[in-house]
Amino acid sequence: MPKIEVSEKLFFDLCGHSYTDDELMDIFPVAKAELDGHDEGTIKIELNDTNRPDLWSAAGVARALSTYETGKIRKYDFFSSKDETKDSGNRMIIDDPSAVGIRDFSIAFAAKGKVVTEDILLALINSQEKLCFNFGRKRKTIAIGIYRSSLIQYPVHYKGADPDTTAFVPLHFEEKMTLREILKKHPKGIEYAHLVEGKPLFPYLYDDNGRTLSFPPVINSADVGAVEVGDSDLFIEMSGPILDDLILTASILACDMSDMGFEILPVKVKLPKETKYGTEITIPYYFQSAPDCTLEEVEKKMGEYLDDKECVASLGRMGVNAKCDNNVISIICPEYRNDFLHAADVTEDVMIGHGLMNFAPVLPSDFTKGNVSPAEEYARKVKTLMVGLGFQEMMYNYLGSRREYVDNMHISDEKVVFIANPMSENYEVVRPSIMPSLMESESVSGHAAYPHKIFEIGKVCYKDESDNSGTVTKNHLGFMYADNQVGYNEAASLIQTMMYFLKKEYQLAAVGEDGRFIPGRCAKIVVDGKEVGLFGEVHPQVLESWGCGVPAIMCEIDLDMMH
Amino acid sequence: MDIDVKNLHPLEVKVLRHVSLGEDITAERLISELDYKVGQCNQAFSWLSAKECLEEKSRDKYVLYELTETGLDQFKNGLPVEKIFNFLKSNGPAAMPEIAAALFLEQSDVGSSFGQLTKAKAAKLNEERKAQLISDELPQDVKIARSLMEKASTAPIRENTLSAEEKKAIGALAKKRGAATSTFKLIEKEDVIYVLTEAGDKVKSDLFKANITGEEFGLLTPQMLATGSWKNGSFRPYGLNAPTSRIIPGRTNAYGDYLQWVKDKLVSLGFEEFDGPLVENEFWNGDALFMPQFHSARDIHDVYYLKDPVHCKEIEEPWLSRVAKAHEDGGDTGSRGWGYTFDHEFTRRQVMRSQGTVLSAHQLPKASIPGKYFGIARCFRYDQVDATHGADFYQTEGIVVGNDVNLKNLLGLLKMFAEEVAGAEEVKYVPGYFPFTEPSIEVHIKHPKLGWFELGGSGIFRPEVTKALGLDCPVLAWGLGIDRMALMHLGLSDIRELFTPDIESVRMRRGN
């Protein structure tokens with residue numbers, strides 16, 4: 001979940017007044033926000049709604065709070081739409097078809113009229129990073145560049161460029177590098193190389209004089225792309241493969257900057273191909289739509305009737321313009337949002353606007369019958385027996401290392417399920433059996449008084465071609481008994497006792513090669529002609545691998561085959 | 001010191017009753033007069049001294065010499081030097097190896113014994129390099145050794161009874177430790193003389209008053225029952241607070257007990273348990289829950305993928321088509337969808353179950369209306385393992401299916417969980433966010449010990465989830481973070497401890 005840090009001064013300025021921490025904690029839930037910390041002029045906020053990128057900035061949260069408190073919906077007059085195109089003057093960006101298939105689109109708007117302070121610069125960098133990282137999936141679908149528009153000669157051009165002949169001085173460096181060199185030498189190049197590597201051409205943004213703006217999504221140029229405190233004319237550009245995501249990002253940034261006092265200047269984009277908006281679009285652009293919602297739907301979902309006035313007022317507090325005719329609520333999605341997929345989303349805003357504390361809890365009235373699962377019921381029966389036999393119940397993790405689950409057990413890895421992307425080799429294998437868990441206990445418990453009699457009823461997972469997933473999850477019982485003098489006979493007696501009380505007739509059969517047990521001192525347990533488990537004396541090679549110095553017997557039974 | 005005479009051990013009782021003020025009390029005396037063993041004397045002295053019934057009058061250290069096994073053998077069969085002397089006397093001069101062989105002695109013993117004889121001018125090495133006697137008499141020191149052995153054969157010899165000459169001789173034949181090959185073992189001893197104290201005398205008279213003899217019965221035996229002998233005496237009262245010995249019982253796991261308690265609680269509230277496999281696919285783990293396939297929580301850095309098989313064979317229809325449609329344009333769910341092209345290969349990719357809600361998704365197509373279901377599901381996340389994150393952990397999740405269930409019911413349910421499962425004093429609801437519910441609610445509770453914290457998340461399943469899976473009625477979904485309460489219940493602070501392999505720590509663990 002996104003976490004942001006905002007300047008206290010900037011944030012309270014944007015809110016229109018300051019808050020105590022307690023007041024923040026009380027009001028933050030309306031933005032699904034939590035106060036994460038507050039020290040030395042910085043407020044840390046955690047945002048829970050991953051579908052509301054507009055809230056990941058000081059301006060966004062401040063807007064939500066002040067709208068909620070005042071009920072006044074902000075108006076933004078710089079949006080074009082399918083019915084109206086705002087004047088873009090000479091500001092234009094031309095997307096060349098050569099970037100299609102590489103990073104299709106680049107769109108932009110400009111801003112002026114406000115001197116960039118340290119707080120504003122930091123806020124812009126922070127929202128740029130949050131949007132690119134969380135909403136733009138680490139720049140894969142959205143990369144944002146902010147430039148000094150005073151240095152730009154329109155129109156700006158976006159194309160796929162030859163990575164070996166195109167060169168410029170990247171930000172924080174002094175020498176010219178080709179695009180390919182940047183991927184090898186520049187820290188940002190190394191970080192984001194995977195997004196463009198292997199493409200025949202690399203995305204490239206430059207102005208009509210041929211001055212480089214940037215190499216999206218990697219790095220800006222050292223001059224046009226180096227915004228500093230004191231600048232006041234900015235060009236904000238975003239590139240990526242999904243046009244709607246770019247337009248929404250532009251809208252969010254434009255609204256934020258407008259709230260901070262900038263005048264937003266539209267930029268015309270010549271698109272590289274035919275889109276649902278045609279081949280030209282003027283940014284910022286209002287493209288959102290929202291579903292209607294009936295008063296009846298609200299009542300059914302909330303369990304309480306709210307009239308048209310209350311619904312409209314509640315939505316207003318959430319910054320949503322709404323009207324209600326004939327019991328149908330229609331809303332205008334705010335410019336900076338696009339999260340109304342279903343009437344249910346409208347209902348939720350009504351709920352938050354109305355205030356959760358205003359709904360009284362009522363228990364569901366339907367009668368239903370409760371039950372534990374059959375596996376749980378059987379497990380409890382077996383557990384009672386094992387405890388009666390003097391065993392301590394253990395509970396283990398299901399992920400472990402190859403060394404623990406395979407090598408130390410002297411078994412083949414043929415049926416073992418491996419993780420493709422383990423975080424470390426310690427958690428690379430899914431437990432195919434309970435036995436290695438029991439052995440781990442033995443290996444770390446030399447200090448515990450003997451005898452060690454332990455068991456677990458838990459899940460194991462191994463490959464099984466007959467299943468749709470090629471794997472199977474089973475409920476198993478495993479137990480171990482370690483002591484100075486313990487052997488096959490004790491194991492056989494335990495099995496005999498258990499099977500008697502579980503009412504199972506069983507036969508024992510010889511086990512083929514199994515590195516876990518001493519040959520000739522282990523047996524398969526066969527019930528109704530099917531092998532349900534095995535037990536025996538643990539092979540000294542296993543004890544040695546685990547560093548155990550006391551003899552042990554072990555047993556494992558598939559409980560799913562027993563009931 | 002206040003002493004309850006009933007708590008005295010028979011060994012103490014018998015000593016106190018036997019002795020009087022002014023008498024010397026020694027171990028020797030108890031052995032001969034009360035038939036005590038040495039160990040029993042020591043116990044009685046140490047306990048009674050600690051109770052200040054006896055006090056030490058004097059302590060006399062001395063040294064004893066005792067024949068070892070070897071010494072006893074040498075006493076019976078002769079010292080090596082005696083054997084060699086006698087051999088040479090009866091057989092005439094002989095070479096060393098010859099002597100060793102004939103007498104079954106080590107060459108080195110023969111050498112050292114011969115040295116002893118030559119030094120005492122009793123033997124010499126002749127021209128043929130054979131040992132030859134030059135005296136008829138054994139050397140003086142050998143004679144002394146013989147007499148010492150004789151003396152020690154009846155009782156250990158006290159050092160202060162020996163002459164200077166004898167002391168020198170025995171010193172050469174004795175060792176304090178590792179004395180197995182020496183003739184004598186040197187033992188340092190102490191004679192301690194105790195006397196009865198005034199307090200002890202008082203206890204003694206109390207014993208007589210209470211008629212405690214030290215002959216009371218100890219263990220009741222089957223024999224006593226068979227013969228009825230128990231009728232002829234009284235039972236010694238035991239010290240009630242004596243140290244106890246450890247018992248290692250068979251036991252259930254304390255964390256498991258807690259989970260079982262939660263399960264039983266939910267069953268009592270009308271919930272039916274569900275379960276499922278550890279290996280899931282992207283379809284059920286995310287797609288069916290209307291999480292867009294590009295959602296950040298579905299990243300390689302959040303979910304564990306399987307190395308093999310990478311994909312499952314198929315996804316059940318009609319659910320695959322219906323869910324795909326819900327993602328693309330909403331299908332018949334009343335939604336506009338996410339507006340992207342659903343990836344039919346990605347959806348088959350296999351993952352380790354990352355959220356318990358998967359079980360709810362699986363339940364939807366087969367759920368009864370009304371129905372209440374829950375599961376405690378083991379889940380896996382790509383997380384650095386630390387005190388608050390495990391590689392795998394349990395999530396407690398459930399759903400309530402009903403034609404008329406709504407937000408107010410959800411709040412009612414959460415309140416009931418908060419009170420019944422968490423013992424909450426106050427409950428607070430705040431709007432939350434989950435990709436599969438709308439609205440979404442978090443429930444925060446004020447716990448008597450932990451203060452305010454988030455107990456769980458919940459919401460009403462999005463129609464894109466329920467309708468796509470064939471259920472046209474509201475479904476309340478909830479999840480409870482019970483591990484935090486489990487840790488508190490068990491007095492732990494590190495989540496890794498819940499699954500510890502350490503036997504001792506699991507044995508000793510208990511809930512509140």
Side-chain angles (χ1 to χ4, degrees), chain A residues 29 32 48-49 134 137 301-304 341-345 348 351-352 356 359-364 366 368 370-373 375-376 383 387-399 417-421 423 427 440-441 444-445 447-449 452 454 459 461 468-471 473, chain B residues 248 250-253 255-256 263 267-273 275 277-279 294 296 300 304-307 309 312-314 334-336 350 370-372 378 382 391-392 400 402 405-409 411-413 415-416 429-433 438-439 460 462-463 499 501-504 506-507:
Chain A
K32 297 188 186 176
N48 288 323
D49 195 335
N134 293 69
R137 283 178 286 158
K301 200 138 268 191
M302 298 294 111
E304 186 158 319
L341 274 60
H342 192 282
D345 297 296
E348 184 180 81
M351 176 192 85
I352 301 173
L356 252 182
F359 295 94
V362 175
L363 276 177
D366 289 328
T368 55
N371 248 330
V372 292
S373 67
E376 169 75 8
K383 195 192 280 193
V387 167
L389 290 168
F391 283 74
Q392 168 68 53
E393 185 192 13
M394 305 294 291
M395 289 173 75
Y396 298 105
N397 281 110
Y398 290 175
L399 285 187
V417 174
F418 284 84
I419 303 289
N421 57 329
M423 172 155 249
Y427 309 102
E440 191 195 0
S441 266
V444 301
S445 301
H447 60 286
H452 291 169
I454 55 173
K459 292 192 192 302
C461 178
N468 183 38
S469 69
T471 71
T473 299
Chain B
I248 299 171
R251 260 183 95 235
T252 49
N253 184 291
Y255 177 43
K263 283 186 182 185
V267 167
S268 78
L269 299 173
F271 284 85
E272 186 177 328
E273 188 184 9
D275 199 358
L278 301 177
V279 172
F294 51 80
S296 56
I300 184 153
Y304 282 125
Y305 300 154
L306 254 61
K307 194 181 247 176
C312 66
K313 290 169 198 161
E314 59 174 9
S335 172
R336 70 163 195 243
Q350 308 214 85
K372 295 217 255 320
R378 190 72 71 101
Y382 187 94
D392 52 278
V400 175
V405 294
N406 54 47
L407 172 74
K408 289 169 77 168
N409 295 148
L411 300 182
L413 202 65
K415 183 160 183 272
M416 183 169 65
Y429 312 100
V430 297
Y433 178 78
E438 191 82 8
I460 302 177
R462 298 189 68 98
F499 294 126
D502 186 296
I503 295 176
E504 186 63 12
V506 174
R507 274 176 178 168

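Lettering follows sequence order; numbering is per chain, from 1.
- Salt bridge status for B/Asp392 with A/Lys459: absent, with no side-chain N to carboxylate O gap under 4.0 Å.
- You'll find the side chain of B/Arg462 reaches within 4.5 Å of the side chain of A/Leu341, heavy atoms only.
- Both the backbone and the side chain of B/Lys372 come within less than 4.5 Å of a heavy atom of chain A.
- Under the 4.5 Å side-chain criterion, counting only non-hydrogen atoms from C-beta, B/Leu306 is not in contact with A/Phe418.
- Proximity of B/Tyr429 to A/Pro29: side-chain heavy atoms (C-beta onward) are nowhere separated by under 4.5 Å.
- Using a 4.5 Å cut-off on side-chain heavy atoms (C-beta onward), B/Lys408 and A/Lys301 make no contact.
- By number of non-hydrogen pairs under 4.5 angstrom with chain A, the leading residue of B/Asn409, B/Leu411, B/Thr252, B/Asn253 is B/Asn253.
- Contact annotation for B/Asp502: both backbone and side-chain heavy atoms come within less than 4.5 Å of a heavy atom of chain A.
- Highest contact tally toward chain A, considering only B/Gly256, B/Pro370, B/Gly402, B/Gly371, is held by B/Pro370 [criterion: heavy-atom pairs under 4.5 Å].
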*Step by step, work out the side-chain contact (heavy atoms from CB on, under 4.5 Å) result for B/Ile503 and A/Ile454.*
CA-CA 8 Å; B/Ile503 295 176; A/Ile454 55 173; 3.9 Å; yes
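- Side-chain atoms of B/Glu273 come within 3.5 Å of backbone N or O of A/Ser373 as a donor-acceptor pair.
- The part of A/Phe391 that comes within reach of chain B is its backbone (N, CA, C, O), which places non-hydrogen atoms under 4.5 angstrom from that chain.
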*Please report the C-alpha distance between A/Ile419 and B/Tyr305 in whole Å, then the side-chain angles of each, then the deciding distance to 0.1 Å, and finally whether the side-chain contact (heavy atoms from CB on, under 4.5 Å) criterion is met.*
CA-CA 6 Å; A/Ile419 303 289; B/Tyr305 300 154; 6.0 Å; no
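- Residue B/Lys263 places its NZ atom among more than 12 non-hydrogen atoms of other residues, nucleotides or ligands, all under 6.0 Å distant.
- With a 4.5 Å cut-off on non-hydrogen atoms, B/Ile248 touches chain A through its side chain but not through its backbone.
- Across all their heavy atoms, A/Cys461 and B/Val279 have their closest contact at SG-CG2, 3.6 Å.
- The residue among A/Ile352, A/Asp49, A/Asn134, A/Asp366 with the most heavy atom pairs within less than 4.5 Å of chain B is A/Asp49.
- Considering every non-hydrogen atom in both B/Pro431 and A/Lys32, the closest pair reads O-CG, 4.0 Å.
- The shortest heavy-atom contact between B/Arg507 and A/Ala448 is NH1-CB, 3.8 Å.
- Between B/Arg251 and A/Glu393, the closest side-chain pair of non-hydrogen atoms is not below 4.5 Å.
- Summarising the geometry of B/Gln350 relative to A/Ser469, their closest heavy-atom pair is NE2-O, 2.6 Å, with the distance given to 0.1 Å.
- B/Pro463 and A/His342 make their closest contact through CG-CE1, 3.2 Å (heavy atoms, listed as atom of the first residue, atom of the second, distance).
- Residue contact with chain A, scored on non-hydrogen atoms closer than 4.5 Å, involves the side chain of B/Ile460 exclusively.
- The heavy-atom pair separating B/Arg378 from A/Tyr396 by the smallest distance is NH1-O, 2.9 Å.
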*Could you check A/Thr368 against B/Phe271 for side-chain contact (heavy atoms from CB on, under 4.5 Å), going step by step and ending with a plain yes or no?*
CA-CA 7 Å; A/Thr368 55; B/Phe271 284 85; over 6 Å; no
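- Highest contact tally toward chain B, considering only A/Asn48, A/Leu356, A/Val444, A/Leu389, is held by A/Leu356 [criterion: heavy-atom pairs under 4.5 Å].
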*asked:* Test side-chain contact (heavy atoms from CB on, under 4.5 Å) on A/Met423 and B/Tyr304; report intermediate values, then the result.
replied: CA-CA 9 Å; A/Met423 172 155 249; B/Tyr304 282 125; 3.8 Å; yes
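- A/Ala375 does not touch chain B: none of its heavy atoms, backbone or side chain, sits under 4.5 Å away.
- Residue B/Pro309 forms a side chain to side chain contact (heavy atoms under 4.5 Å, CB included) with just one option from A/Asn468, A/Thr471, A/Val417, and that option is A/Thr471.
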*Could you give me the CA-CA distance, side-chain angles and deciding distance for A/Asp345 and B/Arg336, then say whether salt bridge (charged side-chain N to carboxylate O under 4.0 Å, His left out) is met?*
CA-CA 12 Å; A/Asp345 297 296; B/Arg336 70 163 195 243; over 6 Å; no
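- Across A/Gly470, A/Pro364, A/Gly388, the residue that shares the most heavy-atom pairs under 4.5 angstrom with chain B is A/Pro364.
- Counting heavy-atom pairs under 4.5 Å between each of B/Val405, B/Asp275, B/Leu269 and chain A puts B/Asp275 at the top.
- Both the backbone and the side chain of A/Met302 come within contact range of chain B, each with at least one heavy atom under 4.5 Å from a heavy atom of that chain.
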